[in-house]
Asks: 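Below is the structure I would like to discuss, written out as structure tokens.
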Amino acid sequence: MKEFIKEKVKEAVRELFKFENEEPFERASFEKPKKKEFGDFSTNIAFLLSRELKKNPFEVAKEISEKLSQSPQFEKVEVAGGGFINFTFSQGFYEELLKEIVEKEFYASNLGKGEKVLLEYVSANPTGPLHVGHGRGAVVGDVLYRIMKLTGYKPEREFYINDAGRQIKLLGISIYYRIKELNGEKVELPEDAYQGEYITEVARELLKKNPKIVELAEEEAVKEASEFGKEFLLKRIKEDLKELRVEFDNWFSEKSLYEKGEVEKVLNLLKEKGLVYEKEGALWLKTTAFGDDKDRVVKRSNGEYTYFASDIAYHYNKIKRGYDKAINVWGADHHGYIKRVKAAIEALGKDPDWLEVILIQLVKLFKGGKEVKMSKRKGEFVPLRWLINQVGADAVRFFFLLKRHDTPLDFDIDLALSTKSENPVYYVQYAHARLCSIIDKAKEEGFYPSPDSLHLLNSQEERELITKSYLLKYEIQKAAQKREPHRITYYLIELSSTLHKFYNKHRVVNRENRELTQARLYLIEGVRKTIEIGLKILNVKAPRRM
RNA sequence: GGGCCCGUAGCUCAGCUGGAUAGAGCAACGGACUUCUAAUCCGUAGGUCGGAGGUUCGAAUCCUCCCGGGCCCGCCA
């Protein structure tokens with residue numbers, strides 16, 4: 001629709017003004033105007049062209065509109081507001097759109113042109129169950145993946161497992177102490193140990209599996225506890241993700257980077273470039289050469305590599321795997337880290353814009369008007385699983401996409417459980433169920449969708465349903481381009497609203513008028529399909545009955 | 001001190017690569033069920049888009065400064 005109008009206008013401009021430069025068309029807006037008096041589609045192209053052509057916008061707009069009025073797809077083409085060109089579609093054009101909606105994959109496109117994109121998200125440490133913050137990142141990543149797939153990108157999903165380094169050792173220590181405790185010893189937990197209840201659970205499991213662990217020397221036991229805990233908790237994380245319907249193509253292990261010597265290799269590479277130096281017994285990367293505020297340690301004076309070091313190796317690995325683009329979904333608390341990683345990427349000879357970082361802001365839970373919090377003292381977060389059990393995966397997914405990912409989200413649990421229109425999940429799902437119910441009812445009475453008499457669909461509400469449904473295509477494109485999956489939820493709420501409005505004004509099944517009934521059923525089927533696709537992108541259920 | 005993000009209706013937020021009279025939902029008030037699902041719809045009311053300048057034919061949107069809020073600045077991950 002948008003491309004169609006753009007092409008039409010381009011053609012007209014070429015003929016009228018012998019103007020070939022396409023650049024203004026890229027900057028111009030071709031949109032559905034907010035006010036319906038302004039027609040079905042509108043463009044500001046005349047304003048942009050007026051500069052190039054040295055003519056006043058109104059004149060330019062007028063010439064274009066006169067030319068295009070003759071096209072069969074438009075009922076009228078008018079100039080308003082000093083230079084906007086407003087298009088009103090002809091009945092025939094609506095009919096074509098509707099047929100495309102019902103019969104084709106109208107929502108897919110090739111915007112991404114086969115670009116290979118690596119989407120990395122969640123990447124939680126296997127040192128505890130997922131919390132709600134992880135969940136938000138998971139849903140954003142997962143939905144972005146679906147959106148990019150529909151727009152012609154070649155996305156891949158990856159979870160980076162931090163299964164090496166200090167936090168894993170600490171996990172082992174924490175479990176070991178709990179084992180001692182379970183064994184009747186009185187223990188004082190180390191300051192920085194993981195305190196959560198789940199640690200005791202892991203300890204109990206380990207003790208069940210290998211009761212002899214208590215007889216081992218501390219170092220040995222801790223090592224075993226680390227290994228066991230890591231596996232156990234990773235499994236738990238995978239279960240949590242499954243509950244949320246989030247999947248991955250690759251599970252990438254940090255430890256494997258060390259085992260294959262990739263960390264060492266990449267540091268040597270940087271050393272050869274003269275970007276790594278020694279100071280105070282530690283190894284530093286000269287990130288300041290690429291805009292960072294200060295240089296960063298990659299190997300500590302005690303001989304251990306930093307997390308940053310393996311991250312450099314990880315990103316080097318991503319580069320070597322040949323992706324056109326890498327997108328990382330991170331918690332907002334990591335934002336100070338972006339510059340450093342981008343500096344490393346540049347140091348490795350890659351354009352730092354190759355890496356894009358999507359920051360996920362905090363999620364706060366509210367119930368009964370009060371914030372839900374876990375014990376702050378123990379540094380615990382609300383587990384994702386708990387939230388899913390409260391409101392269900394559908395509501396969790398939908399609510400996580402109710403706001404742009406970079407703004408803090410207040411999650412109202414009572415609202416998510418409400419079965420009124422105030423709850424947007426129900427509002428949208430209800431629209432779908434309502435449509436199914438009409439179609440079923442019609443079937444009982446012997447009516448079926450048919451495109452034979454679509455000319456009867458000429459009311460304001462019907463036309464709006466058609467254009468609104470078709471807009472899904474452009475919403476998906478915008479969401480992909482701007483990496484903003486929440487646009488789809490907003491779109492669905494709007495489409496549902498348009499549908500409910502139609503429903504309250506027009507009756508679909510009408511025994512007196514078979515032609516109109518079947519044409520409307522055809523329309524309804526198109527809308528139903530559109531909502532279903534939209535919900536599928538969010539991976540939220542589209543119920544036939546509620 | 002440096003950096004990033006945010007400030008839009010009573011509340012929660014859309015809109016932000018500049019475009020026409022700034023939009024939803026909730027809350028408030030008044031209506032619509034002998035009807036394909038009232039889990040819905042219609043109407044009323046509600047705004048100096050934090051403030052001040054600037055750029056422009058045109059600014060919620062871009063630039064500068066100020067005010068207010070959040071987050072980050074470790075040989076942690």
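Each chain gets a letter, A, B and so on, in the order its sequence line appears, and its residues count up from 1.
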Asks: Say you pick atom C1' in B/rG7 and the same atom in B/rU12; how far apart are they, in whole Å?
Replies: 14 Å
Asks: Pick base, sugar-phosphate or nothing for A/Ala433, based on heavy-atom distances below 4.0 Å to the nucleic acid.
Replies: base
Asks: What integer number of Å spans the C1' atoms of B/rC36 and B/rG43?
Replies: 25 Å
Asks: Could you let me know what B/rU48 is paired to, Watson-Crick or G-U wobble, both distances under 3.5 Å, or none if it's on its own?
Replies: none
Asks: Figure out the CG/C1' separation between A/Leu415 and B/rC11, and round it to whole Å.
Replies: 12 Å
Asks: Just to be sure I understand the rule, does A/Tyr503 reach a base, reach only the sugar-phosphate, or reach nothing, if contact means heavy atoms closer than 4.0 Å?
Replies: base
Asks: When both hydrogen-bonding distances must be under 3.5 Å and the geometry is Watson-Crick or G-U wobble, what is B/rC57 paired with, if anything?
Replies: B/rG19
Asks: Expressed in angstrom and rounded to an integer, what is the separation of A/Lys501 atom NZ from B/rC42 atom P?
Replies: 5 Å
Asks: Under a 3.5 Å cut-off for both distances, is B/rC4 Watson-Crick or wobble paired, and to whom?
Replies: B/rG70
Asks: Return the value, rounded to whole Å, for the distance between atom CZ of A/Arg434 and atom C1' of B/rC41.
Replies: 8 Å
Asks: According to the Watson-Crick and G-U wobble definitions, with both distances under 3.5 Å, which nucleotide is paired to B/rC26?
Replies: B/rG10
Asks: Mind checking the C1' distance from B/rG47 to B/rG10? Whole angstroms is fine.
Replies: 12 Å
Asks: Please give, in whole Å, the distance from B/rA77 P to A/Lys255 NZ?
Replies: 17 Å
Asks: To the nearest Å, how far apart are A/Lys505 NZ and B/rC42 P?
Replies: 10 Å
Asks: Starting the side chain at C-beta, find the nucleotide from B/rC16, B/rA77, B/rA20 nearest to A/His334.
Replies: B/rA77
Asks: Report which part of the nucleic acid A/Glu280 touches: base, sugar-phosphate, or nothing (heavy-atom distance under 4.0 Å, all strands).
Replies: base
Asks: Closer than 4.0 Å, any side-chain N/O of A/Arg296 to the OP1 or OP2 of B/rG74?
Replies: no
Asks: On a whole-Å scale, what distance lies between the P atoms belonging to B/rA27 and B/rC11?
Replies: 16 Å
Asks: Output yes when at least one side-chain N/O atom of A/Arg300 is less than 4.0 Å from OP1 or OP2 of B/rC76, else no.
Replies: yes
Asks: Check this for me: does any side-chain nitrogen of one of A/Lys325 and A/Glu356 sit under 4.0 Å from a carboxylate oxygen of the other?
Replies: yes
Asks: Classify the nucleic acid contact of A/Arg487 as base, sugar-phosphate or nothing, counting any heavy atom under 4.0 Å across all strands shown.
Replies: sugar-phosphate
Asks: What nucleic acid atoms does A/Lys294 come within less than 4.0 Å of, heavy atoms only: base, sugar-phosphate, or nothing?
Replies: sugar-phosphate
Asks: Counting just side-chain N and O atoms, does A/Arg507 come under 4.0 Å of either OP1 or OP2 of B/rC36?
Replies: no
Asks: What does A/His500 touch in the nucleic acid at a heavy-atom separation under 4.0 angstrom: a base, only the sugar-phosphate, or nothing?
Replies: sugar-phosphate
Asks: When we call it a touch if two heavy atoms are under 4.0 Å apart, what does A/His506 touch: a base, just sugar-phosphate, or nothing?
Replies: base
Asks: Decide yes or no, distance alone: a donor-acceptor N/O pair under 3.5 angstrom between the base of B/rC75 and the side-chain of A/Ser301.
Replies: yes
Asks: To the nearest Å, give me how far apart CH2 (A/Trp330) and P (B/rC76) are.
Replies: 18 Å
Asks: Please classify B/rC29 as syn or anti, treating any glycosidic angle within 90° of 0 as syn.
Replies: anti
Asks: Need the pair for B/rC41. Rule: Watson-Crick or G-U wobble, both distances under 3.5 Å, any strand; none if unpaired.
Replies: B/rG31
Asks: Rounded to the nearest angstrom, tell me the gap between atom NZ in A/Lys468 and atom C1' in B/rG23.
Replies: 11 Å
Asks: Salt-bridged, A/Glu484 to A/Arg487, with N to O below 4.0 Å?
Replies: yes
Asks: Here's a test of your reading of the structure: between A/Val509 and A/Asn504, which maps to the more 5' nucleotide of RNA chain B?
Replies: A/Val509
Asks: Distance-only, no hydrogens or angles: does the A/Lys468 side chain make a donor-acceptor pair with backbone N or O of A/Leu495 under 3.5 Å?
Replies: no
Asks: Salt bridge check, A/Glu462 against A/Arg520: does any charged N sit closer than 4.0 Å to a carboxylate O?
Replies: yes
Asks: Scan A/Asn125 against the nucleic acid and name what it touches under 4.0 Å (heavy atoms): base, sugar-phosphate only, or nothing.
Replies: sugar-phosphate
Asks: Look at the side chain of A/Lys294 and the backbone N and O of A/Thr287, then say whether any donor-acceptor pair between them is shorter than 3.5 Å.
Replies: no
Asks: Please work out if A/Tyr337 contacts a base, only the sugar-phosphate, or nothing of the nucleic acid, heavy-atom cut-off 4.0 Å.
Replies: base
Asks: Please pick, from B/rA20, B/rA77, B/rU17, the nucleotide with the shortest atom-to-atom distance to any side-chain atom of A/Arg166.
Replies: B/rA77
Asks: Does A/Tyr427 put a side-chain nitrogen or oxygen below 4.0 Å from OP1 or OP2 of B/rC41?
Replies: yes
Asks: Taking the minimum atom-to-atom distance to the side chain of A/Val297, which one of B/rC36, B/rU17, B/rC75 wins?
Replies: B/rC75
Asks: Checking contacts here: which listed nucleotide (B/rG3, B/rC36, B/rA77) is nearest the side-chain heavy atoms of A/Lys441?
Replies: B/rC36
Asks: Given B/rG15, is OP1 or OP2 found less than 4.0 Å from the side-chain N or O atoms of A/His486?
Replies: yes
Asks: A/Met546 CE to B/rA39 C1': how many Å, rounded?
Replies: 6 Å
